[in-house]
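Computed from heavy atoms alone, side chains included, the values below leave out hydrogens, waters and symmetry copies.
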Amino acid sequence: YDEPNSYTKHYPSEKALLIAFIDLIHSLDPDIILGFEAQTQSLGYIVERSSVVLGHNICKKISRAIHKELQNEHLHFRDEWGRMKQSGIHIRGRIVLNVWRALRHEVKLNIYTFENVAFHVLGRRFPFLSHQTRTKWYKWQEDDANTHQQRATVILYYKKRTKANLELLYHLDFINRVAQLAQVFGIEFFSVISRGSQFKVESMFIRLAKPRNYIVMSPSREQVRQQNAIECLPLVMEPSSKLYSNPVIVLDFQSLYPSIIIAYNLCFSTCMGKVEQSRTKKLGTLSNYTIPSDMLLNEKQLDDVFISPNKVMFVKDSIRPGVLPRMLREILDTRVMIKKAMQSLK
C-alpha cells in the first residue's frame with residue numbers, strides 16, 4: 001500500500017491460506033526464517049493453527065529434509081527453555097531466528113518490545129495497535145465507509161513491522177557477522193548463537209589438530225566423572241583500597257594465560273603425564289598411564305621437557321609443537337593485526 005508494486009492475495013479459507021504459505025516457502029526456498037517473536041507469534045502461531053486446521057505439523061512440510069523419521073517427530077512449541085533461550089521451533093534445513101532474542105546480545109535495553117528496539121536501533125517510531133484494534137479494523141463492516149482504509153492500515157502496519165525486522169538485522173550486520181564467525185569457528189550458523197564458548201574453542205582446536213594427524217577424544221560422561229579432582233586453583237589477590245603515599249608500580253600482562261601456554265608449550269598433545277607416581281595413575285580420562293622410568297634418568301632428555309609446579313611434564317616446542325599454543329598464537333597475531341588496521345582507519 002505504500003509502494004507501487006505492493007499487493008495482497010486473498011484466499012477463501014484458512015486452510016487454503018496455510019497451503020499457499022507452504023507453497024510460498026518452497027518457491028522462495030529461504031535459508032533463514034525469522035520473526036520478532038517467532039515462537040509465540042508469527043511462525044509459532046502459524047504452526048499451531050496448521051496442526052488444528054490441516055491436522056499435521058507444518059514444519060515437516062516446509063523443511064528441506066523429507067524423511068520417514070519426521071513422521072514420528074513431535075515438536076513442543078510451548079517449551080519454556082526454548083522460548084527463553086532460542087526460537088523453540090526447529091525446521092530441518094532452515095534456520096529459525098527469534099529477532100528479539102538475538103538482539104538481546106546486541107543492544108542493552110530495559111524493555112525489548114518491538115517499538116522500543118526499533119526506536120533505539122533504527123531511530124524510528126512505530127505505533128502499537130492491540131490485537132482487538134487490529135481485528136476490529138480488519139473485519140468487514142458494511143455500514144462503515146472507512147472499511148477499506150482501515151483494512152489497508154492494518155496490512156500496512158504488518159508490512160512495516162515485517163520489513164523493520166530485516167532492517168534491524170541489516171543495521172547491526174547480524175547475519176554477516178554470525179556467518180563469518182561460523183567460518184572462523186568451523187561450525188554451523190545456528191551453533192554460533194545457541195552454543196557456548198567451549199564448543200567454539202573445541203571446534204577451532206579440532207580443525208588445527210586434524211592436519212597434524214591428531215584425533216581428539218570424545219570421552220563419555222562416566223569417564224569425565226572418574227577424572228582426578230583439581231589439585232590447585234589460582235589465587236587472585238585484590239589490592240587493598242587505601243591511599244598510597246609511596247610510588248605505585250602497576251604491571252599489566254597482555255593475554256597472560258595464553259602467553260604462558262605459548263611460552264611453555266602447554267597442550268594436550270605435549271603433555272607426558274605426572275612425574276610423581278600418583279595413586280590413580282591417570283592422565284585425564286586415560287587410565288593406567290605412567291611415564292617410562294628411563295625417561296626420568298636421562299639428563300639430556302630432561303633438557304627437552306618442562307615440568308610444571310604440580311609435577312606435570314610437557315615436551316618443549318623444539319621436540320613437538322603443541323596445537324593449543326599454535327591456535328592461541330594465531331588468535332593473538334590476528335588480534336594485533338586488527339587493532340593496527342583499526343588505528344589506520346577513520
Side-chain angles (χ1 to χ4, degrees), residues 105-108 177-178 180-187 191-193 195-212 214 216-217 224 227-276 278 283-285 291 301-346:
H105 302 283
E106 301 293 325
V107 291
K108 300 299 181 182
R177 287 192 290 109
V178 174
Q180 291 175 4
L181 287 175
Q183 292 179 344
V184 172
F185 295 135
I187 58 180
S191 293
V192 177
I193 307 171
R195 301 301 294 265
S197 58
Q198 179 179 347
F199 182 82
K200 301 170 185 177
V201 173
E202 287 181 354
S203 299
M204 297 180 64
F205 185 84
I206 291 173
R207 191 160 58 175
L208 286 175
K210 183 179 179 181
R212 299 193 175 195
Y214 287 114
V216 180
M217 295 179 59
V224 174
Q227 288 185 117
N228 293 335
I230 298 177
E231 296 182 1
C232 58
L233 290 173
L235 174 62
V236 178
M237 301 182 64
E238 295 292 336
S240 302
S241 299
K242 64 179 182 179
L243 176 62
Y244 292 89
S245 58
N246 294 328
V248 177
I249 299 178
V250 179
L251 301 179
D252 186 18
F253 294 89
Q254 181 180 4
S255 306
L256 177 60
Y257 292 153
S259 300
I260 294 175
I261 293 175
I262 294 173
Y264 293 102
N265 199 35
L266 305 180
C267 181
F268 312 100
S269 60
T270 62
C271 182
M272 302 297 294
K274 294 204 67 172
V275 176
E276 294 181 344
S278 60
L283 177 62
T285 57
I291 301 177
Q301 289 179 337
L302 290 176
D303 295 336
D304 297 329
V305 299
F306 165 74
I307 301 178
S308 64
N310 60 343
K311 308 302 180 183
V312 178
M313 185 166 62
F314 298 87
V315 296
K316 294 184 178 180
D317 184 79
S318 58
I319 303 299
R320 183 194 302 165
V323 181
L324 185 59
R326 179 187 175 186
M327 183 182 73
L328 295 174
R329 190 180 293 109
E330 291 182 358
I331 293 175
L332 293 178
D333 291 344
T334 305
R335 182 183 179 186
V336 173
M337 179 188 66
I338 293 176
K339 284 188 174 181
K340 289 183 179 179
M342 291 175 62
Q343 294 177 357
S344 61
L345 297 175
K346 294 182 181 180

So CG of Asp333 and CD1 of Ile338: to nearest 0.5 Å the spacing works out to 11.0 Å
Decide yes or no on ring-ring contact (aromatic ring centres under 6.0 Å, His included) for Tyr214 and Phe268, but give the supporting numbers first.
CA-CA 10 Å; Tyr214 287 114; Phe268 312 100; over 10 Å; no
Between Asn265 and Gly322 the two heavy atoms that sit nearest each other are OD1-N, 3.0 Å
Over 12 foreign heavy atoms within 6.0 Å of CE, Met217:
yes
Is there a side-chain contact between Arg212 and Val323 (heavy atoms, below 4.5 Å)?
yes
Any Cys267 side-chain heavy atom under 4.5 Å of Arg326 side chain
no
Find out whether Leu324 and Leu266 are in side-chain contact, i.e. whether some heavy atom of one side chain is under 4.5 Å from a heavy atom of the other.
no
Taking all non-hydrogen atoms of both residues, which atom of Pro325 and which atom of Ile261 are closest, and how far apart?
CG-O, 3.8 Å
Nearest 0.5 angstrom please: Ser203 OG to Arg195 CZ, how far?
8.0 Å
What distance separates Leu328 CG from Met204 CE, expressed to the nearest 0.5 Å?
9.0 Å
Donor-acceptor under 3.5 Å (Ser308 side chain, Val312 main chain)
yes
With sequence neighbours excluded, what pairs up with Phe199 under the ring-ring contact (aromatic ring centres under 6.0 Å, His included) test?
none
Rounded to the nearest 0.5 Å, what separates atom OG1 in Thr285 from atom CG in Asn228?
11.0 Å
Any side-chain heavy-atom pair from Val201 and Met327 closer than 4.5 angstrom?
yes
Can you find a pair of side-chain heavy atoms, one from Leu181 and one from Lys200, that are under 4.5 Å apart?
no
List for me each residue that meets salt bridge (charged side-chain N to carboxylate O under 4.0 Å, His left out) alongside Arg177, sequence neighbours excluded, and say none if there are none.
Glu106
Surrounding CG of Leu345 (heavy atoms of other residues, nucleotides or ligands, distance under 6.0 Å), is the total greater than 12?
yes
Atom pair CZ/CG of Arg320 and Asp304 - distance to nearest 0.5 Å
12.0 Å
Less than 4.5 Å apart, side chain to side chain, heavy atoms only: is that true for Leu332 and Pro258?
yes
Between the CD1 atom in Ile206 and the CD1 atom in Ile187, the distance rounded to the nearest 0.5 Å is 11.0 Å
Side-chain touch Thr270/Phe306, heavy atoms, less than 4.5 angstrom
no
